[in-house]
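Remarks on the structure that follows.
Letters A, B, ... mirror the listed sequences (proteins, then strands); counts begin at 1.
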Number of protein chains: 2
Amino acid sequence: MSTQFGDYLRARRETLQTADPRFSIRQLASRLQVQPSYLSKVERNEQAPPSEATILALAAELGEDPDVLLALGGKVSAELRAVIMRRPKLFAALIRELETLPDHAVLRIVREVRDGNW
Amino acid sequence: MSTQFGDYLRARRETLQTADPRFSIRQLASRLQVQPSYLSKVERNEQAPPSEATILALAAELGEDPDVLLALGGKVSAELRAVIMRRPKLFAALIRELETLPDHAVLRIVREVRDGNW
DNA sequence: TCATGTGTGGACTGTATACTACACGATATA
DNA sequence: TATATCGTGTAGTATACAGTCCACACATGA
């Protein structure tokens, strides 16, 4: 298992906690509407990463990028999946093509599309 | 529910069956290593679409595009998800940017990347 | 010392997923 | 008229997912 999620979450939460007691497991769990013991287990990788909805809430609370946190949890957002599934052939070809392309090249595409050069 | 999957599958299989008895529910199910009653239910949308593995086997048997069939089943392949999860921020930005871009423009990107213009 | 807050342990739960097993009646074939 | 093949109906199942619930021990501050 990607034992990453819990470690990452714990590190991030503990950092925030030093400056703000609202980031104790208990208080954070309460805002996420889950049980503290559950969150504790997730942080210690005793429990698989939460659902997409909970991870998104978590990202919002921790000020993290939702897509990154979802990826750490082994997920891709339903939103992105929906975009792909609308034109599966097209996006499958694209993603496979870009798999090995370096970051800066992909970013250039993103920017050019955004600037309307297409 | 996307009542599409079953209809599509049934139509495709029946077409093939007219020319080749190997495409009866029973014989096809046998090659897929599932029960015929299960496949029958899937075709009549009485049962949710199968797992990714079974859909991929189905696509191979029917000569269909795996990504398209997966999409009809409401899924995105683990392979593509893995590519996204390796660079979630990058691919999330890209996919959202391309969401509304017309097919031909996306295809142009695919071709240009393939031709090494990046 | 007592209330409050902290993290954690153990057991259990509801729902979904992805099927199987077996049987039935209809149809076609020999 | 056996035999085989067809599609389908009913019931049941194993596993994973995404948590809950309650209890415990420790620490801190009033």
Could you give the distance from CD1 (B/Ile95) to CG (A/Leu98), rounded to the nearest 0.5 Å? 9.5 Å
Ordered by number, residues from residues 32-40 of chain B within less than 4.0 Å of DNA chain D (heavy atoms) are B/Pro36, B/Ser37, B/Ser40
What is the separation between atom CD on B/Glu52 and atom C1' on C/dT17, rounded to the nearest whole Å? 14 Å
What contact category does B/Gln17 fall into here, base, sugar-phosphate, or nothing, at under 4.0 angstrom with non-hydrogen atoms? sugar-phosphate
What is the distance from CZ of A/Phe23 to P of C/dG5, rounded to the nearest Å? 18 Å
Distance below 4.0 Å between A/Arg22 side-chain N/O and C/dG5 OP1 or OP2: no
Short side-chain N/O contact to C/dG9 OP1/OP2 from A/Arg44, under 4.0 Å: yes
Just how far is it from atom CG of B/Leu39 to atom CG of B/Leu58, taken to the nearest 0.5 Å? 6.5 Å
Closest non-hydrogen atoms of A/Leu56 and A/Pro66, given as atom of the first, atom of the second and distance, are CD2-CB, 3.6 Å
Would you name the heavy atoms of A/Ile55 and A/Pro50 that are closest together and state the gap between them? CD1-O, 3.4 Å
Nearest 0.5 Å, what's the CZ-OG distance between B/Arg26 and B/Ser40? 10.0 Å
Does B/Arg12 make a cation-pi contact with B/Phe23, if we ask for NZ or CZ under 6.0 Å from the ring centre and within 45° of the axis? no
Step by step, would you call A/Glu61 with A/Arg13 a salt bridge (charged side-chain N to carboxylate O under 4.0 Å, His left out)? CA-CA 10 Å; A/Glu61 286 291 339; A/Arg13 186 189 57 77; over 6 Å; no
In this structure, CG of A/Leu80 is separated from CZ of B/Arg96 (nearest 0.5 Å) by 4.5 Å
Assign A/Gln27 to base, sugar-phosphate, or nothing according to its heavy-atom contacts below 4.0 angstrom with the strands shown. sugar-phosphate
Would you mind reading off the distance between A/Leu28 atom CG and C/dG5 atom P, rounded to a whole angstrom? 16 Å
Is any side-chain N or O of B/Thr54 closer than 4.0 Å to OP1 or OP2 of C/dA18? no
Length of the CD-C1' vector between A/Glu46 and C/dG7, whole Å: 12 Å
Kindly give the heavy-atom pair with the smallest separation between B/Val110 and A/Glu97, and that separation in Å. O-CG, 3.9 Å
Reported CG-to-OH distance for the pair A/Asn45 and A/Tyr8, which is rounded to 0.5 angstrom: 14.5 Å
In numerical order, the residues of residues 75-83 of chain A whose heavy atoms come under 4.0 Å of DNA chain C are none
Separation of B/Lys41 atom NZ from C/dT17 atom P, in whole Å? 16 Å
Looking only at heavy atoms, what is the nearest atom pair of B/Glu52 and B/Val76, with distance? OE1-O, 4.2 Å
Classify B/Glu43 by what it touches in the nucleic acid, base, sugar-phosphate, or nothing, heavy-atom distance under 4.0 Å. nothing
Among C/dC19, C/dA23, C/dG7, the one nearest A/Arg13 by side-chain distance: C/dG7
B/Glu43 CD to B/Leu9 CG distance, which is reported to the nearest 0.5 Å: 4.5 Å
Quick one: how far along DNA chain D does chain A reach, first to last nucleotide 5' to 3', anything under 4.0 Å to a heavy atom? D/dA18 to D/dC22
Report which part of the nucleic acid B/Gln47 touches: base, sugar-phosphate, or nothing (heavy-atom distance under 4.0 Å, all strands). base
Among C/dC19, C/dT20, C/dG7, the one nearest any side-chain atom of B/Pro50 is C/dC19
